[in-house]
Amino acid sequence: MVLGVPERGVWGIFRAAAERAPVAFWLPVALIVVGIVVLKRTLRPLVPIEQQLERLATRLTVSPADLEPVRLPAPAAVGWNRLVEALRHGGQPEERESRLAQALEGYRQKKSDQVLNSLLDGVAVTDGQGRITFANKALLGLLGRRPGEDSVCGQTMFDCLGLAPGGQAVQPLKDPSLEGRPVIVEYQRGGQIEDGVLRIVRTPLAAEPGQSARGHVWCVRDVTQQKLADQMREQFVNAATHELRTPLANIKAYSETLALGDMVDVEQQKAFCNTIDEEVTRLANFVDDLLHLSRMQVGSTCLNRQTTDMERLFREVVGKVSQQMKQQQITFEVELPGKLPELLVDKEKFTVAVVNLLGNAAKYTPEGGRIRLGVELREGDETLQIDVEDTGIGIAPQELPKIFDRFFRSTDPRVGRTSGSGLGLALTQEIVRLHGGKVTVESELNKGSRFTILLPTRTEGATCSGV
Ligand code: ADP
């Protein structure tokens, strides 16, 4: 009989419960312990975050530098760290704005560099001391420098362009009183136009009113071709005026004398009529040459090729010029091969080409000289070589490269004394080119010249002018 049961207390109750139902007791206990551990692990990263937030709560301004990343492998820490990173990267609003402004400025600079580099004119910018701070690709090209490799920055435009500081043409660029105004000069790089002509425009960079220029923008254009064209036009006008005026004056004088009738006898009348006829022929030839030339310029000169007996063609050519040779007491030698093939050529134009060469030989060979027309088949009958050789005044070496240019006439006074428009050789060259051939020249001053036409015997080459 149990009279009294000792009191167990809480611990006793636990033990009794653990003994009677161990699973039912220990399972909830184990779950509570595991829960506490998991909770602690989850909340651990929040502690430093919370501490930082508490610190910030008392500050007036928040700077990204006040925030520290949390080095723990928890999603909350990862999120916090990204926040800190974003704030640090983004920086302060003013910082962001200045960075944006810098980026915009860089973009604008790049764009304007691109635009300036795409210009065909050379452009440079110089500072207050006249030193180059920018030069576009076209300017480097004009100076024969490679973009990106040969920098001209820091040099002056005078050094760069090789402008002789003492030269008359560049004086306006040296004049301090013109620093604040646009200046345009044309500078010839050598003794001749062919050496190059530059048009230089210098404009002051916008400065505050009353202040001196902060620098200049330079625009440099190569106007050599334009100058050469101007020179040619001038030469043409001179030649044309001379070519037209002389025969017209002669025709007028002789026809006026003839009109007097009784004053001149029959013999004289015949002589005058012959002179008028010659002058008219000269005028007609000149106009023909001009017509051919203008056709070539618009690209409408086409060949009318026909099967041509070349031997007959050369005989006709000889017939056309031998009278002139005789008059000048020039020994004219003709060497034709025994048999010449029939070729597909524009008979009329090809005759003009050969007659031009022979006519020049006669024109530029003094009395008593010698001219030779030699024709032969070369390279296994593939090429017909036509040589026109003379013992005349010859051509100076520096003029040789120009003699096929339109309107070119030598500066030799002996050439100036003869009439001519400077169109003959240009026409000859064009006609031969249309036939697929070429004309070359060798000459020695005061000894004589040799012009050679090389004509392919097979039909090839352009048939219409592309000039
Ligand atoms: P033009 O004879 O009417 O002046 P061309 O075009 O036929 O024009 O010739 C151009 C220039 O070439 C001549 O002005 C002359 O200076 C030079 N030339 C041409 N042929 C000869 C030659 N056989 N001997 C010397 N100079 C020549």
Side-chain angles (χ1 to χ4, degrees), residues 192 194 228 231-247 278-279 281-294 296-297 301 317 320-321 324-325 328 330-333 349-374 386-433 438-453 467:
Q192 293 183 325
E194 286 87 342
L228 283 172
Q231 190 191 41
M232 266 192 184
R233 232 189 329 266
E234 217 168 278
Q235 279 172 355
F236 167 69
V237 171
N238 288 341
T241 316
H242 181 263
E243 275 297 283
L244 293 172
R245 192 182 279 157
T246 315
E278 277 167 23
E279 296 296 7
T281 310
R282 188 170 144 187
L283 271 179
N285 286 343
F286 178 67
V287 173
D288 276 354
D289 280 358
L290 269 184
L291 206 64
H292 280 309
L293 183 83
S294 69
M296 280 196 285
Q297 278 173 332
T301 298
V317 165
K320 279 181 195 276
V321 293
Q324 189 183 355
M325 308 280 187
Q328 291 178 230
I330 287 170
T331 312
F332 185 30
E333 295 165 11
K349 290 202 177 68
F350 200 75
T351 303
V352 168
V354 185
V355 168
N356 268 349
L357 293 186
L358 285 166
N360 276 350
K363 200 156 63 168
Y364 302 116
T365 299
E367 277 190 8
R370 192 174 56 81
I371 292 174
R372 175 183 159 268
L373 168 68
I386 303 148
D387 292 309
V388 175
E389 241 177 287
D390 65 56
T391 56
I393 60 172
I395 302 161
Q398 69 274 14
E399 290 189 334
L400 267 180
K402 296 186 251 177
I403 58 159
F404 292 102
D405 292 352
R406 289 168 211 162
F407 309 122
F408 175 80
R409 299 208 78 206
S410 166
T411 50
D412 189 320
R414 292 171 292 182
V415 172
R417 283 197 287 272
T418 64
S419 67
S421 60
L423 297 177
L425 285 182
L427 281 173
T428 297
Q429 191 184 47
E430 180 65 11
I431 291 167
V432 173
R433 192 186 69 78
K438 62 176 180 175
V439 195
T440 58
V441 58
E442 289 165 61
S443 187
E444 206 177 322
L445 202 56
N446 301 324
K447 288 257 169 76
S449 313
R450 179 166 64 206
F451 287 81
T452 303
I453 294 178
V467 178

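We count ligands from 1, going down the list as the structure has it; atoms in each ligand are counted the same way. Position 1 is the first residue of the sequence, and the numbers go up from there. This one's a predicted model, so the numbers in the text were calculated from it and none came from an experiment.
The side chain to side chain contact (heavy atoms under 4.5 Å, CB included) check on T452 picks up Q385, D387, T440, R450, L454, with sequence neighbours excluded. Residues passing the ring pair (Phe, Tyr, Trp, His ring centres under 6.0 Å) test with F350, sequence neighbours excluded: H435.
Near ligand 1, residues N360, A361, K363, Y364, D390, I393, G394, I395, I403, F408, R409, S410, V415, G420, S421, G422, L423, G424, L425, S449, F451 come within 4.0 angstrom through at least one heavy atom.
Taking all atoms of both residues into account, the shortest heavy-atom contact from I330 to A362 is CD1-O, 4.0 Å.
Using a 4.0 Å cut-off between charged side-chain N and carboxylate O, R372 and E389 make a salt bridge.
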Side-chain polar contacts of residues 396-405 - donor-acceptor pairs under 3.5 angstrom, sequence neighbours left out - could you list them?
unit_1, atom_1, unit_2, atom_2, d
E399, OE1, S410, OG, 2.7
E399, OE2, T411, N, 3.0
E399, OE2, T411, OG1, 2.9

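A side chain to side chain contact (heavy atoms under 4.5 Å, CB included) with L358 is found for one member of N356, V354, N360 and no other, namely V354.
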